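I have placed the structure first, in the form of structure tokens, so that the comments after it can refer back to it.
Computed from a predicted model, the values in this text were never measured in an experiment. Chain identifiers are assigned alphabetically (A, B, ...) following the order of the sequence lines, protein sequences preceding nucleic acid strands; residue numbering begins at 1 within each chain.
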Amino acid sequence: MPQVRVRFAPSPTGFFHIGSARTALFNWLYARHTGGVFVLRIEDTDKERNTEEFLNVIYDSLTWLGLNWDEGPKAGGGFGPYRQSERAPIYREYLAKLQAAGRTYEKDGAVYFKISGEPQVIDDAIRGRVERTEEKDFVICRSDGNPVFHFVNVVDDITMQITHVIRGEDHLSNTSKHTELFKAFGAPLPVYAHIPLILKQNGPGKMSKRDQGALVEEYQRRGFLPEALVNFLCLLGWSPKDDSEKMPIAEIIRRFDLPGINQTNARFDEKKLAHMNMTYLLEQPADRFVALARDYFQGQNVTAATAADPAYFRAVMLLSQPKIKGVEELPAYTVYFFIEDFPVDARVRDKVMAKGDPQARLRELAAALTTADFSSDTALEETIKATAAKNGLGFGDYQAVARLAVSGTNVGPGITGMFRVLGRERVLRRIERFLGAA
RNA sequence: GCCCUCAUCGUCUAGAGGUUUAGGACAGGAGAUUCUCAAUCUUCAAACCGGGGUUCGAUUCCCCGUGGGGGCGCCA
């Protein structure tokens with residue numbers, strides 16, 4: 001069997017859609033699974049301004065997702081050029097073939113392709129036999145001389161020797177146009193695999209660029225891990241057929257295959273993506289997590305955090321890593337580590353201050369903390385426990401009020417870790433201030 | 001309107017005629033654990049679109065209907 005050659009052929013519109021990402025992913029996975037070639041081809045037959053900038057959106061998103069291409073812009077390859085805007089001579093040559101064969105005619109300046117009208121049958125790798133008869137001749141060259149999508153798409157697939165066309169189901173009805181052209185050129189048909197579409201989360205229809213969460217760059221900006229998004233995306237329309245969900249990319253590559261792809265459209269579920277992302281976040285090595293967090297804080301312009309001592313920033317992030325669901329929670333989750341005038345949750349304050357004599361407990365604790373060893377969680381724990389035990393109380397009777405005084409909330413990492421990272425000076429100063437204010 | 005396509009819990013899916021009281025995951029409910037909050041663990045609730053066939057037997061095969069999605073551009 002000849003080497004598999006698949007392609008991903010986006011058009012530079014300035015957006016990289018989540019559906020495009022999955023199409024790219026499935027192509028890439030199939031290439032990697034079979035040891036084939038993943039081609040990136042840019043369909044820029046519409047001359048638009050800022051094309052370079054729009055191209056970068058594609059390159060950046062693919063690169064971020066880890067979908068490296070073997071042939072294409074920047075990568076080179078023996079079947080270039082890989083931008084349709086640079087392939088005009090090839091299109092002219094192929095147009096001439098059709099003209100010579102008498103398969104074209106002009107009307108109003110546009111070139112039409114004369115269809116055969118024969119039923120077009122494909123054996124789709126996902127859907128099986130699909131038959132459709134094209135009924136009308138169609139334009140392959142606009143009156144301004146530029147060739148049209150259906151034409152260039154087929155010419156490129158022929159000249160780039162694409163063996164498998166893995167694309168969205170929205171192209172299924174177009175396929176009869178394409179097979180008409182393949183046959184007119186006397187070229188063998190590629191294997192088609194029409195993958196189901198991704199439907200928008202709420203409301204009817206497929207996901208479009210304007211829908212919430214539709215753009216890949218959004219996840220990048222929000223600090224998602226690309227491998228989590230990839231893992232989530234591959235499960236939208238494909239299944240390993242057992243209960244596996246979280247899988248390293250090597251395993252996905254090994255198990256991925258065309259027959260494993262479903263035929264049903266999948267609804268995008270951001271909650272499940274968030275969960276997948278969390279499971280990946282939890283296991284990230286310290287350096288990567290801290291770097292991810294730093295990028296996010298920088299992107300959000302949280303200067304109090306980014307200007308903080310790097311070692312301190314790192315300690316705060318590592319303390320928070322096991323507690324959060326996503327990097328975007330970090331700024332709010334860690335505010336009090338970086339500023340002194342942190343917000344105080346009134347409801348929590350009222351609740352905590354309502355029972356017993358919290359001020360007295362806090363005062364005792366502060367006294368004990370003056371000499372405590374702040375370098376060790378266990379030492380701090382012992383200090384709190386001992387203070388509580390003196391009064392026949394428990395750890396919990398002390399941590400709530402201490403937490404309130406030091407962080408202004410009841411949400412956060414363990415109190416001992418929080419104390420350790422904040423350090424004696426901050427902790428005592430905040431308790432003093434709190435007691436003074438109360 | 002015409003054409004193509006799909007149909008299992010709210011969502012993503014497993015299931016390829018009997019092994020199914022239809023399994024897993026997310027979300028939701030309850031509980032356990034814990035210094036708070038998460039995480040984690042246990043647990044509960046939750047689905048085979050309808051009607052005909054085929055068959056000893058259909059979630060699984062066929063047909064029709066219904067519903068969803070897509071396509072019918074000198075967009076890609």
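- Looking at the side chain of A/R142, the nearest of the listed nucleotides B/A76, B/U13, B/G69 is B/A76.
- At the heavy-atom level, A/E169 lies under 4.0 Å from base atoms of the strands shown.
- The number of heavy-atom neighbours closer than 6.0 Å to CZ of A/F15, taken from other residues, nucleotides and ligands shown, is 12 or below.
- When distances are taken from the side chain of A/S173 to each of B/G73, B/C74, B/G71, the shortest belongs to B/G71.
- Side chain of A/P204, nearest nucleotide from B/G69, B/C74, B/C4: B/G69.
- The side chain of A/N262 lies closest to B/U13, out of B/C6, B/U13, B/A76.
- Atom CG in A/N202 sits about 13 Å away from atom C1' in B/A27, given to the nearest Å.
- Partner assigned to B/G65 is B/C49, using Watson-Crick or G-U wobble distances below 3.5 angstrom.
- Between A/K246 and A/E283, at least one side-chain nitrogen of the basic residue sits less than 4.0 Å from a carboxylate oxygen of the acidic one, meeting the salt-bridge criterion.
- Between the P atom of B/C75 and the CG atom of A/D44 lies a distance of 15 Å, rounded to the nearest Å.
- Look at B/A38: it lacks any Watson-Crick or wobble partner with both distances under 3.5 angstrom.
- Nucleotide B/U11 has B/A25 as its partner under the Watson-Crick or G-U criteria, with both atom distances under 3.5 Å.
- Base pairing of B/G18 is made with B/C56, judged by Watson-Crick or G-U wobble geometry with both donor-acceptor distances under 3.5 Å.
- Listed nucleotides: B/G71, B/C12, B/U8. Nearest to the side chain of A/A266: B/C12.
- In this structure, A/K390 does not pair ionically with A/E364, as no charged nitrogen and carboxylate oxygen lie closer than 4.0 Å.
- Taking all atoms of both residues into account, the shortest heavy-atom contact from A/D108 to A/S143 is O-CB, 3.8 Å.
- With both ends at atom C1', the span from B/C72 to B/C62 equals 29 Å, rounded to whole Å.
- Look at the C1' atom in both B/G18 and B/G24: the space between them is 23 Å, to the nearest Å.
- With both ends at atom P, the span from B/G10 to B/A46 equals 11 Å, rounded to whole Å.
- Here the P atom of nucleotide B/U5 and the CG atom of A/N265 are 14 Å apart, to the nearest Å.
- The phosphate of B/A14 (OP1 or OP2) has a side-chain N or O of A/K241 nearer than 4.0 angstrom.
- Straight-line distance from the CG atom of A/D211 to the P atom of B/G69: 13 Å, rounded to whole Å.
- Between the base of B/C74 and the side chain of A/S143 there is a donor-acceptor pair shorter than 3.5 Å.
- A/H171 comes within contact range of at least one nucleobase, with a heavy-atom separation under 4.0 Å.
- At whole-Å resolution of the value, CE in A/M207 and P in B/G70 are 13 Å apart.
- Salt-bridge formation is detected for the pair A/E245/A/K272: a Lys NZ or Arg NE/NH1/NH2 atom is positioned less than 4.0 Å from an Asp or Glu carboxylate oxygen.
- Residue-level contact check: A/D242 touches neither bases nor backbone, having no heavy atom under 4.0 Å from any strand.
- Nucleic acid contact class of A/G168 (heavy atoms, under 4.0 Å, all strands): none.
- If you check every strand for non-hydrogen atoms under 4.0 Å, A/G237 touches sugar and phosphate atoms only.
- Out of B/G71, B/G24, B/C74, the shortest distance to the side chain of A/D243 is found at B/G24.
- Taking only side-chain atoms of A/L197, from C-beta outward, the nucleotide of B/G70, B/C12, B/C74 with the closest atom is B/G70.
- Taking the P atoms as reference points, B/C4 lies 49 Å from B/U42, given to the whole Å.
- Checking A/K177 against A/Q84, the closest nucleotide of RNA chain B that is more toward the 5' end is the one next to A/K177.
- In this structure, the nucleotide among B/A7, B/C12, B/A76 sitting nearest to the side chain of A/K272 is B/C12.
- When the P atom is used for both B/A45 and B/G23, the distance is 11 Å, rounded to whole Å.
- At least one side-chain nitrogen or oxygen of A/K206 sits closer than 4.0 Å to the OP1 or OP2 atom of B/G71.
- Residue contacts for A/E135: at a heavy-atom cut-off of 4.0 Å it reaches no nucleic acid atom on any strand shown.
- Evaluation of atom-type donor-acceptor distances gives a pair under 3.5 Å for the side chain of A/E245 against the base of B/G24.
- The shortest non-hydrogen separation linking A/A184 to A/L98 is CB-CD2, 3.7 Å.
- Across all strands shown, B/G71 is found opposite B/C2 as a Watson-Crick or G-U wobble partner, with both distances under 3.5 Å.
- The interatomic distance linking A/F138 (CZ) with B/C74 (P) rounds to 11 Å, in whole Å.
- Nucleotide B/A14 holds its C1' atom 12 Å from the CG atom of A/L235, rounded to whole Å.
- Separating the C1' atom of B/G68 from that of B/A25 is a span of 24 Å, rounded to the nearest Å.
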Per-nucleotide protein contact string for nucleotides 31-48 of chain B (B base, S sugar-phosphate only, - none; heavy atom under 4.0 Å): ----BBBBS---------
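- Between A/R132 and the phosphate of B/C2, there is no side-chain N or O to OP1/OP2 separation shorter than 4.0 Å.
- Taking the ring centre of A/Y398 as origin, the terminal cationic atom of A/R403 falls outside the region bounded by 6.0 Å and 45° from the ring axis.
- Under a 4.0 Å N-O distance rule, the pair A/D211/A/K200 qualifies as a salt bridge.
- Remark: A/R129 engages A/E131 in a salt bridge, criterion side-chain N to carboxylate O under 4.0 Å.
- A salt bridge does not link A/R41 to A/E71: none of the charged side-chain nitrogens sits closer than 4.0 Å to a carboxylate oxygen.
- Atom CG of A/L273 is separated from atom P of B/A27 by 12 Å (rounded to the nearest Å).
- Between A/R132 and A/E134 there is a salt bridge, since at least one side-chain N of the basic residue sits less than 4.0 Å from a carboxylate O of the acidic one.
- Taking atom C1' on both B/C41 and B/U33, the two are 8 Å apart, rounded to the nearest angstrom.
- Within the 4.0 Å cut-off from OP1 or OP2 of B/A76, not a single side-chain nitrogen or oxygen of A/N153 is found.
- Spacing of C1' atoms, B/U54 relative to B/C44, comes out at 40 Å, to the nearest Å.
- Residues A/D269 and A/R129 both approach RNA chain B. Their nearest nucleotides, taken by heavy-atom distance, put A/R129 toward the 5′ side.
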